[in-house]
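Predicted model, so just to flag it, every value in this text is computed and none were measured.
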Protein chains: 2
Amino acid sequence: MHTEERPFDVMEPDCPSRVVLQRIGDKWTPLVFQVLKDGPRRFSAIRTSIQGVTPKVLTQTLRTLERDGLVARTVYAQVPPRVEYRLTPLGETLLGPLDAVRIWSEEHAGKILQARQDYDGQPEGQVG
Amino acid sequence: MHTEERPFDVMEPDCPSRVVLQRIGDKWTPLVFQVLKDGPRRFSAIRTSIQGVTPKVLTQTLRTLERDGLVARTVYAQVPPRVEYRLTPLGETLLGPLDAVRIWSEEHAGKILQARQDYDGQPEGQVG
DNA sequence: GCTCATGGTATCTATTGGAAACCCAGTACC
DNA sequence: GGTACTGGGTTTCCAATAGATACCATGAGC
């Protein structure tokens with residue numbers, strides 16, 4: 001992709017890109033992407049992989065991602081029901097950026113935990 | 001940095017890296033980083049740059065970033081008060097990943113808006 | 001006609017986010 | 001010497017969101 005025109009700017013409060021940024025930066029989205037990265041998964045499989053997410057919230061997350069064209073939902077008419085979720089081509093383009101943030105988190109979690117411990121009882125930086 | 005051992009895994013529900021991931025993926029953090037990227041800024045300057053954030057929430061966001069060692073807060077003892085926020089070295093290492101997500105948002109906001117419009121009245125993908 | 005599995009909803013409560021008003025210290029002005 | 005202004009917040013109150021828990025519909029198999 002050559003240098004594309006980007007008319008959107010997250011610093012503009014009414015810019016749609018800000019809405020998009022806050023949506024993809026929500027609590028469960030990066031984890032859903034992490035699960036779907038390796039191929040289609042069923043609802044219960046996603047739920048099991050991401051421990052701690054309740055079905056209500058997972059449904060909400062997946063519905064939003066579907067509406068935004070990042071995830072596709074396929075219902076197979078069989079019993080018991082079978083519903084598969086997979087990344088769309090658009091969703092796959094988001095894997096790189098989300099992975100960068102995930103890897104950063106895993107690499108620096110230790111330093112942040114350390115900073116939190118150091119923070120207690122620390123005097124404020126004061127100058128002047 | 002060579003290939004460092006990464007003992008943290010965001011898919012583990014109790015792993016600190018998940019907490020970190022969800023913290024840096026919160027609503028205002030990427031925008032704060034975007035403002036501080038170019039150097040130290042005062043509270044009111046940050047608030048003006050990021051339109052739409054209330055002082056209470058901006059304070060909460062900055063305090064958390066400070067506690068996590070990503071942002072440094074300096075109080076100058078003068079009147080009217082003067083408080084500067086700047087990225088720490090650790091915070092600067094997060095600029096790259098956050099920029100990747102921001103740029104993705106700005107590049108693909110149009111496609112997501114389109115998907116939202118197409119979503120209305122769309123029949124479900126159903127296979128049998 | 002009881003049970004199981006799947007993919008969810010419904011209901012209620014706890015936590016978080018946001019809007020609006022207020023506060024404090026010192027300094028400049030009148 | 002009273003008043004207003006300034007910066008960096010805090011307080012209070014209310015709305016929106018997240019989470020826990022229970023429940024539901026369908027049809028197959030027993």
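- The side-chain tip of B:Arg67 does not point at the ring of A:Tyr119 from less than 6.0 angstrom away and within 45° of straight on.
- Among D:dG9, D:dA20, C:dG17, the nucleotide with an atom closest to any side-chain atom of A:Lys56 is D:dA20.
- The side chain of B:Trp28 places an N or O atom within less than 4.0 Å of a non-bridging phosphate oxygen (OP1 or OP2) of C:dG18.
- By the 6.0 Å and 45° rule, A:Arg41 does not stack over the aromatic ring of A:Tyr85.
- Put simply, CZ on B:Arg47 is 13 Å from C1' on D:dT6, counting in whole angstrom units.
- Set against C:dG8, D:dG27, D:dG9, the side chain of B:Arg63 has D:dG9 as its closest nucleotide.
- Heavy-atom minimum distance, B:Asp9 versus B:Ser17: C-OG, 3.5 Å.
- Nearest-nucleotide assignment on DNA chain D puts the 5′-proximal partner with B:Ser44, out of B:Ser44 and A:Pro80.
- Taking the side chain of B:Pro55 as heavy atoms from C-beta on, and the options D:dG19, D:dT10, C:dG7, the nearest nucleotide is D:dT10.
- Taking atom OH on B:Tyr76 and atom P on D:dG8, their separation rounds to 12 Å, with Å as the unit.
- When each of A:Leu65, A:Val71, A:Leu31 is tested with A:Leu36 by the rule side-chain contact (heavy atoms from CB on, under 4.5 Å), just one qualifies, namely A:Val71.
- Across the protein-nucleic acid pair, A:Arg41 atom CZ and C:dT6 atom P stand 16 Å apart, rounded to whole Å.
- The CG-P distance, from B:Asp26 to C:dG17, rounds to 7 Å in whole Å.
- OP1 and OP2 of C:dA25 both lie 4.0 Å or more from every side-chain N or O belonging to B:Arg82.
- Here the nucleotide nearest the side chain of A:Thr54, chosen from D:dA20, C:dG7, D:dT26, is D:dA20.
- A:Arg42 comes within 4.0 angstrom of the backbone, heavy atoms only, and of no base.
- Between A:Arg73 atom CZ and C:dG8 atom P the separation is 5 Å, expressed in whole Å.
- Each of A:Val79 and A:Gly52 was matched to the nucleotide of DNA chain D holding its nearest heavy atom; the match closer to the 5' end belongs to A:Gly52.
- Looking at heavy atoms from C-beta onward, B:Met11 lies in side-chain contact with A:Val35 at the 4.5 angstrom threshold.
- For the pair A:Tyr85 and B:Val57, both in contact range of DNA chain C, the more 5′-proximal nearest nucleotide belongs to A:Tyr85.
- Separating the CD1 atom of A:Ile46 from the C1' atom of C:dG8 is a distance of 13 Å, rounded to the nearest angstrom.
- Taking atom CD on A:Gln60 and atom P on D:dT17, their separation rounds to 9 Å, with Å as the unit.
- When distances are taken from the side chain of A:Pro81 to each of C:dG17, D:dG8, C:dT6, the shortest belongs to C:dT6.
- The interatomic distance linking B:Leu58 (CG) with C:dA19 (C1') rounds to 15 Å, in whole Å.
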